[in-house]
Amino acid sequence: MAEIDETTPSGRNSSSSSSLTSSSLQDTEDDNRTIGSLLSKEMLNDVVVGRKLGKHLSHLDSIPHTPRVNGEIPALDDATLDHERLAERLSKYGLAELQIEGDGNCQFRALADQLFRNPDHHKHVRKQVVKQLKHFKTLYESYVPMNYKSYLKKLKRSGEWGDHVSLQAAADRFEAKICLLTSFRDTCFIEIVPNDKTPSRELWLSFWSEVHYNSLYASGDVPTRVTKKKYWLF
């Protein structure tokens with residue numbers, strides 16, 4: 001424990017405080033460099049992939065996106081029908097899923113796969129999303145029907161499900177348009193765009209409503225990866 005310097009007005013050791021501040025700034029700079037390095041490696045590829053996938057759904061109208069927290073998990077019969085509907089849409093539009101682990105981190109794993117071509121970077125993605133939600137509270141708190149601090153504390157935990165509020169925060173943080181093919185009966189396609197910036201990339205996810213997210217590719221382009229846990233499949 002640092003000794004207290006009684007000569008400073010706040011009663012804190014000024015050199016220790018400066019050291020902590022410098023450390024915090026260094027951590028932030030390191031995070032930013034990490035993001036920049038990882039994103040730059042995939043940016044050009046994402047533009048090409050995004051355009052390729054976009055052609056599959058170019059004739060579909062997307063609905064305006066309203067951020068929301070998760071609803072109730074559907075009953076088994078409804079979930080089965082939803083899964084079948086999503087599978088039909090994937091086949092119809094020539095898309096295929098990279099199956100993401102169903103460990104509660106699926107949204108962040110799917111985003112990590114789209115951003116970095118590696119679902120294992122999900123912790124980094126979650127951290128950046130929570131930072132976005134924390135630092136720009138006024139953009140998101142009206143969509144969260146609970147104490148906002150409690151919401152952030154919950155979302156920060158590994159294994160906690162992401163929602164459409166965290167998707168909006170991800171779009172804002174990574175300056176990306178998130179294209180979501182869904183299993184909703186009346187809503188096939190949703191586009192989530194950054195609040196105040198022109199998107200520089202497209203991220204493609206499938207959403208089995210209130211159950212699971214996967215990463216989307218054109219059929220035949222799905223990379224081969226080995227996962228550690230079971231997929232969300234019947």
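Contact check for Leu205 versus Leu167: side-chain heavy atoms found under the 4.5 Å cut-off. Two residues are said to be in side-chain contact when any heavy atoms from C-beta on lie closer than 4.5 Å; Leu95 and Leu90 meet this criterion. Using a 4.5 Å heavy-atom threshold, the side chains of Lys177 and Glu191 count as touching. Contact check for Tyr213 versus Leu111: no side-chain heavy atoms found under the 4.5 Å cut-off. The closest side-chain heavy-atom distance from Trp204 to Asp113 is not below 4.5 Å. Taking 4.5 Å as the limit, every side-chain heavy atom of Phe189 sits out of range of all side-chain heavy atoms of Leu180.
For His164 and Phe207, the ring centers are positioned less than 6.0 Å apart.
The backbone N or O of Arg157 lies less than 3.5 Å from a partner atom in the side chain of Arg126, making a donor-acceptor pair. Side-chain N or O atoms of Tyr148 include one that pairs as donor or acceptor with a backbone N or O of Leu133 at under 3.5 Å. Listed for the Asn105 side chain is no donor-acceptor partner under 3.5 Å among the backbone atoms of Phe108. Judged by distance alone, the side chain of Arg173 and the main-chain N or O of Ala169 form no donor-acceptor pair under 3.5 Å. In terms of modelled atom types and a separation under 3.5 Å, the side chain of His121 and the main chain of Arg109 share no donor-acceptor contact. Counting only distance, with no hydrogens or angles, the side chain of Ser183 and the backbone of Arg85 share no donor-acceptor pair below 3.5 Å. A donor-acceptor pair under 3.5 Å is formed between the side chain of Ser200 and the backbone N or O of Glu175. Side chain of Ser166 to backbone of Gly162: no donor-acceptor contact under 3.5 angstrom is found. With hydrogens and angles disregarded, a donor-acceptor distance shorter than 3.5 Å links the side chain of Gln107 to the backbone of Asp163. Here the side chain of Trp208 pairs a donor or acceptor atom with the backbone of Ala79 at under 3.5 angstrom.
Taking CD of Gln114 as the start and SG of Cys179 as the end, the distance is 9.0 Å to the nearest 0.5 Å. Expressed to the nearest 0.5 Å, how far OG of Ser142 lies from NZ of Lys137 amounts to 11.5 Å. Taken to the nearest 0.5 Å, the CG atom of Leu181 stands 10.5 Å off from the NZ atom of Lys92. Rounded to the nearest 0.5 angstrom, Lys156 NZ and Tyr151 OH are separated by 14.5 Å. In this structure, Leu115 CG and Arg117 CZ are separated by 8.5 Å, a value rounded to the nearest 0.5 Å. Here the CG-NZ distance, from Asn147 to Lys154, works out to 12.0 Å after rounding to the nearest 0.5 Å.
Within 6.0 Å of the CZ atom in Arg68, the count of heavy atoms belonging to other residues, nucleotides or ligands exceeds 12. Within 6.0 Å of CZ in Phe184 there are more than 12 heavy atoms belonging to other residues, nucleotides or ligands.
Residue Leu76 is not grouped with residue Leu81 when hydrophobic side chains (ILVMFWY) are merged at heavy-atom distances under 4.5 angstrom, including chains of intermediate members. Put simply, Ile190 and Val193 are part of two different groups of oily side chains (I, L, V, M, F, W, Y) that touch within less than 4.5 Å, one to the next.
In summary, the side chains of Thr182 and Thr187 do not present any donor paired with an acceptor at a separation below 3.5 Å, with no hydrogens or angles considered. Side-chain contact annotation: Tyr140 with Gln132, donor-acceptor N/O pair under 3.5 Å present. Checking Asp172 against Gln168 by side-chain atom types alone, a donor-acceptor pair falls below 3.5 Å.
The two residues Ala176 and Pro194 have their closest heavy-atom pair at O-CD, 3.4 Å. In terms of heavy atoms, His122 sits closest to Ala112 at N-CB, 3.8 Å.
With respect to Trp161, the side chain to side chain contact (heavy atoms under 4.5 Å, CB included) criterion is satisfied by exactly one of Val69, Val211, Ile73: Ile73.
Checked for salt-bridge contact, Glu97 and Arg89 miss the test: no charged N lies under 4.0 Å from a carboxylate O.
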Requested in this report: Would you please test His212 and Asn214 for side-chain hydrogen bond (donor to acceptor under 3.5 Å, both in side chains) and show each step?
Outcome: CA-CA 7 Å; His212 190 61; Asn214 280 318; 3.1 Å; yes
